[in-house]
Chemist: 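Got a structure for you, questions after.
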Amino acid sequence: MASLAHIASLWRYAPGSYRRSLPDSPAARARAAVQAPLLDTRAAVGAAWFPAVYEGDESGRLPGFLVRVRAGLDLPGQTVTEPSWSSILAWVAGLAGVGPETFPSGLRLVLDPPPPTPIRGPSLELAGAAAVISLLTGRMPAEAPIASAKLSPDGGDAIAAIHNAELKREIIRREAPSCAAPLVAGRDGRAAAWLAGLFGADWRDALIRACERTPESLVREAWRAHNARNHGPAVRLATAALDTTRGVHRALALWIVGADDLHRGQAGQGLQRLVEARELLAVPSDEEVAEHDVLLEEHLAAHLGIGLLDNLRIRSAIDVLGAALERLADSQVRHGRRWRSVGTQVAGSLCRALRVAGEFERAATTLEAWSLGRAALPEERARSLQGLAAIQLASGRRERAVETLEAARRALPDAMPDERLSTAGYIRLTRIRAGVDAVEPCEGLPPAPDWRHPLKTLETLERLARSDAELVSQWFERHVVASRSEVTPPVLMLFLRLLAAHAGAPALGATTRELIRGLRAVPGGELDGAPNDALSALEGGIGAPWLALCPY
């Protein structure tokens, strides 16, 4: 039986159930004297209710309570978890004849307030769908939608039965006695008539009109999400519009998807898309570009430069990024936040390319002049200092690098919340490479590299760098050679960084030579000068030059 303390917490959430469901005891009857109001279940746009069965009381005295779900853009609160949220989006999208990617990227469904016990099962899905339909159409329901049904994947307006249907009807009678037409699915059925009663006979036409989106509107929303660092929705929206839009809008879609390709290690495909985006941006008028951002060309250069670097076109990357910085220096839009943000990104990309070319002094000067100077932003300071420390370490100034890393740690509180953990992780990685923080060698064979979690993989490589060469050889044989998976140029460079830590080890000689051949065979690669000399030194058993040049 539920404790009085637990029931008291339910009183705050569901006063109707509290008053009617107390156990028969003097203490309970005393509490029952409290005149708690019924739930406020008045209709509202973007809101619905569903009955949840409380499984903590076997006596049945406290059968459950109503939970409100709200749909909206970037709502605070406890979100409806997967897979129910995906099921709701797919069901509503099917009714409108569109794809889920056409919905606003900030659309969320939350439980408000959070229920006192965990919500299990998909019976909230129809109520959630009603809230989403109300929000998208902007229609006030005739009464508060109260429902309990699972959405059927069969298409149309099909719904599936749920458990405890009669008990849930009892909860609705207790909590919302004025509700005339709740829908509790005791068996499989359809929801069209119920939705028509709530939102009018033309509810489906209204939903279709609300979801009609031009490719250009998808790209504009994707671009807003991209600039707000909501990368998942941005990529989905841009991908949906990629094949049906032209001009500047296609360029922006290619840019977003291409940058995601690079993030996922698809270096060749990412560069191809970014090059096409650059060509498209060179064609439109200034007015068309300015509709989105007057610094588009320079912002794109920050990503294009990384794409060139990831494909070992090092000198080309330096030229593209250097020219972008020169244009930023001469720009009429100087010293605004947008100008500083783009300047920081371009300078950071140029720093990585200069490092591979062995131009450490120019790399450090560029970061200090731009990312930590004229274009400095508080939220970017920690990451910029970490990049500067990595360059100082590569150029042999270890003590200075350690001081810079301490400054980076002090700047972490100003970092963006969604980037603070990753920035702290890269600071720790650089401290490990500087010998400030220690990591233990691997005791057994570590797992295969997982580039979806790059920091964890990079730390594994650092542990392998401190492990026995024979263990490293076994790791390569099992997870790199035997898997026959595609190894992209950035990953090749990282693997060679690991092998450089074991330079000259007989067990790794053949693997080192094979990976170097793979790196030199990258189409269009520019490995002359310092990187070529470093690779030749690595072939000869000297790893320090490549450890200094590797940008990852």
Side-chain angles (χ1 to χ4, degrees), residues 42-50 68-77 79-80 84-110 112 124-147 149 151-159 181 183 190-226 228 230 232-245 249 253:
R42 287 176 293 185
V45 173
W49 294 80
F50 70 95
R68 184 169 69 157
V69 292
R70 286 198 303 140
L73 298 178
D74 299 314
L75 283 177
T79 57
V80 170
S84 284
W85 178 224
S86 293
S87 179
I88 290 166
L89 285 185
W91 194 79
V92 175
L95 293 174
V98 298
E101 67 278 352
T102 64
F103 294 148
S105 59
L107 184 61
R108 297 182 67 196
L109 194 66
V110 301
D112 176 37
L124 62 83
E125 291 179 358
L126 180 57
V132 170
I133 291 170
S134 174
L135 179 80
L136 293 175
T137 61
R139 293 194 173 187
M140 174 76 76
E143 66 174 20
I146 302 179
L151 301 178
S152 172
D154 296 337
D157 62 330
I159 56 174
L183 196 164
R190 299 280 170 176
W194 181 71
L195 291 167
L198 290 170
F199 302 114
D202 64 337
W203 68 271
R204 192 192 296 266
D205 291 337
L207 178 63
I208 291 171
R209 287 194 302 272
C211 292
E212 284 180 347
R213 303 287 296 277
T214 65
E216 290 73 22
S217 75
L218 292 178
V219 173
R220 283 192 288 270
E221 186 174 338
W223 186 242
R224 286 194 295 271
H226 176 73
N230 296 326
V235 172
R236 289 194 295 273
L237 288 160
T239 301
L242 198 56
D243 295 331
T244 53
T245 189
H249 292 94

Chemist: Evaluate the side-chain proximity of Trp85 to Thr79: yes if any heavy-atom separation is below 4.5 Å, no if none is.
Modeler: no
Chemist: Could you state the interatomic distance from CG (Leu195) to CZ (Arg139), rounded to the nearest 0.5 Å?
Modeler: 12.0 Å
Chemist: Any chance you could measure Leu218, atom CG, to Arg236, atom CZ, to the nearest 0.5 Å?
Modeler: 12.5 Å
Chemist: How about Phe199 and Pro141: do any of their side-chain heavy atoms sit closer than 4.5 Å?
Modeler: yes
Chemist: How far does CG of Leu75 sit from CG of Leu107, to the nearest 0.5 angstrom?
Modeler: 8.5 Å
Chemist: What residue among Leu124, Leu183, Ile146 forms side-chain contact (heavy atoms from CB on, under 4.5 Å) with Phe50?
Modeler: Leu124
Chemist: Looking only at atom types and distance, does a side-chain atom of Trp223 sit under 3.5 Å from a main-chain N or O of His249, one as donor and one as acceptor?
Modeler: no
Chemist: What heavy-atom pair brings Ala127 and Ala48 nearest, and what distance separates the two atoms?
Modeler: O-CB, 3.3 Å
Chemist: At their closest point, which heavy atom of Ala234 faces which heavy atom of Ala225, and how far apart are they?
Modeler: CB-CB, 3.9 Å
Chemist: For Leu126, does its backbone N or O pair with a side-chain atom of Trp91 as donor and acceptor, under 3.5 Å?
Modeler: no
Chemist: To the closest 0.5 Å, what do you measure between CH2 (Trp203) and CG (Leu198)?
Modeler: 10.5 Å
Chemist: Mind listing the closest non-hydrogen atom pair of Phe103 and Glu221 along with its distance?
Modeler: O-OE2, 3.6 Å
Chemist: Please give me the minimum heavy-atom distance between Glu125 and Ser84, naming the atom from each residue.
Modeler: OE2-OG, 3.1 Å
Chemist: Closest approach of Arg213 and Pro104, non-hydrogen atoms and distance?
Modeler: NH1-N, 4.2 Å
Chemist: Is there a donor-acceptor contact under 3.5 Å from the side chain of Ser134 to the main chain of Ala130?
Modeler: no
Chemist: Are any of the side-chain heavy atoms of Ile159 and Leu151 separated by less than 4.5 Å?
Modeler: yes
Chemist: What are the two closest heavy atoms between Ile208 and Ala96, and how far apart are they?
Modeler: CG1-O, 3.6 Å
